[in-house]
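All heavy atoms count here, side chains included; hydrogens, waters and symmetry mates do not. In what follows, chains carry the letters A, B, and so on, assigned in the order in which the sequence lines appear, proteins first and then strands, with residues in each chain numbered from 1.
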Number of protein chains: 2
Amino acid sequence: MKEPQEVFDAYLAEKNLKATPQRRLILDTILKQKDHLSSEELYAKVKARDSSIGQATVYRTLKLLVDADIVEPLDFADGVTRYEPSYGEEHHDHLICTVCGKNIEILDPTIEKRQEQIAKEQGFKLSSHKMYLYGICNDCRKGK
Amino acid sequence: MKEPQEVFDAYLAEKNLKATPQRRLILDTILKQKDHLSSEELYAKVKARDSSIGQATVYRTLKLLVDADIVEPLDFADGVTRYEPSYGEEHHDHLICTVCGKNIEILDPTIEKRQEQIAKEQGFKLSSHKMYLYGICNDCRKGK
DNA sequence: AGTGTCAATGCAATTCATTATCATTTGTGG
DNA sequence: CCACAAATGATAATGAATTGCATTGACACT
């Protein structure tokens with residue numbers, strides 16, 4: 001499989017956009033991260049490596065990465081959009097603790113299959129889906 | 001079954017809050033609406049009936065209605081939160097056409113059950129969930 | 001009716017994430 | 001190496017949502 005960086009370069013070339021050091025650095029920073037980063041957090045990490053980079057560039061690059069299917073936006077219902085690398089990763093959904101913010105990745109074939117089926121029944125060609133389960137985790141329930 | 005207005009009154013009474021004409025008017029306006037309204041749109045409709053009502057009151061009342069489980073917030077990923085009456089309605093998810101914006105309400109017991117199960121397996125007490133299926137509807141595929 | 005209390009309101013101002021503007025700099029294909 | 005479109009960083013602007021505040025209103029008790 002191709003490296004994410006190569007995929008990004010190809011995407012940029014195809015769109016007649018430029019491969020700049022900033023863009024490379026931003027992608028590299030996301031890839032190095034296991035967690036789901038908000039653009040704010042990402043900006044902080046990027047800035048630590050090159051303090052001259054501006055917020056706007058981070059936002060702009062994130063958009064490109066999402067469009068290039070290298071990164072996926074997540075909505076944990078706390079007002080900020082988070083991102084995770086998606087290129088080469090298996091699709092998964094999220095189970096989120098609304099108290100501590102902990103989140104667990106889930107993958108359930110039963111659900112995935114039903115989703116496809118439902119869409120077909122309605123005459124839709126499914127292109128993507130989002131599923132978020134919100135709840136309170138064990139620790140937070142005990143911690144009361 | 002009780003009327004939504006009664007439920008709201010009961011909720012307000014329990015919380016030592018007041019049943020004001022503005023609040024009643026806002027709830028009434030939502031109930032009269034079949035579509036999913038953003039607070040902006042709701043504000044416009046409310047203002048048409050009583051031009052003295054302020055935006056903030058609409059926001060504040062929506063929060064109360066959500067808390068009272070009379071109304072449910074929806075997130076169609078377009079930056080604005082929409083609301084729909086949920087009291088007395090069966091829970092459902094949404095299948096959205098990314099071309100024309102059409103959205104179909106779906107309800108699938110299989111998925112609902114699996115969601116509960118998954119949460120339990122992870123030690124979570126599920127409080128809510130969101131599931132959105134995005135695709136292209138029959139009409140829009142033909143219309144090409 | 002008068003008064004005390006406290007929530008509710010409308011307005012304006014504010015917050016916060018995200019986006020647009022713009023002058024300047026920098027890749028990239030020729 | 002050049003020309004030029006695209007990218008950048010700084011900053012201003014946007015837009016949804018929230019908050020502060022002075023005023024108003026509702027209700028209970030006298």
Counting heavy atoms from C-beta on, name the nucleotide in [options] closest to the side chain of [X].
X	options	value
A:T81	C:dG10, C:dT18, D:dA17	C:dT18
B:L17	C:dA7, D:dA10, C:dT28	C:dA7
A:K18	D:dA26, D:dA7, C:dT9	D:dA7

Rounded to 10 degrees, the angle between the two terminal axes of the helix from C:dA1-D:dT30 to C:dG30-D:dC1, each from five pairs: 30°
Per nearest nucleotide of DNA chain D, the residue lying toward the 5' end, B:Q55 or A:T20, is A:T20
Answer yes or no: does a side-chain N or O of [X] lie under 4.0 Å from OP1 or OP2 of [N]?
X	N	answer
A:T57	D:dA7	no
A:Q22	D:dG9	yes
A:Y59	C:dT19	no

Kindly indicate whether the side chain of A:R24, heavy atoms from C-beta on, has any atom under 4.5 Å from the side chain of A:D9. yes
Non-hydrogen side-chain atoms of A:E84 and A:H94 separated by less than 4.5 Å: yes
Tell me what B:K63 touches on the nucleic acid: a base, only sugar-phosphate, or nothing, going by heavy atoms under 4.0 Å. sugar-phosphate
Under 4.0 angstrom, heavy atoms only, what part of the nucleic acid is B:S52 near: base, sugar-phosphate, or nothing? sugar-phosphate
If you count every heavy atom of other residues, nucleotides or ligands that lies below 6.0 Å from A:K45 atom NZ, does the total exceed 12? no
I need the CG-C1' distance between B:L62 and D:dT19, as an integer number of Å. 17 Å
Shortest non-hydrogen contact from B:D75 toward B:Y134: O-OH, 4.4 Å
Under 3.5 Å, is there any donor-acceptor pair linking the side chain of A:R23 to the base of C:dG27? no
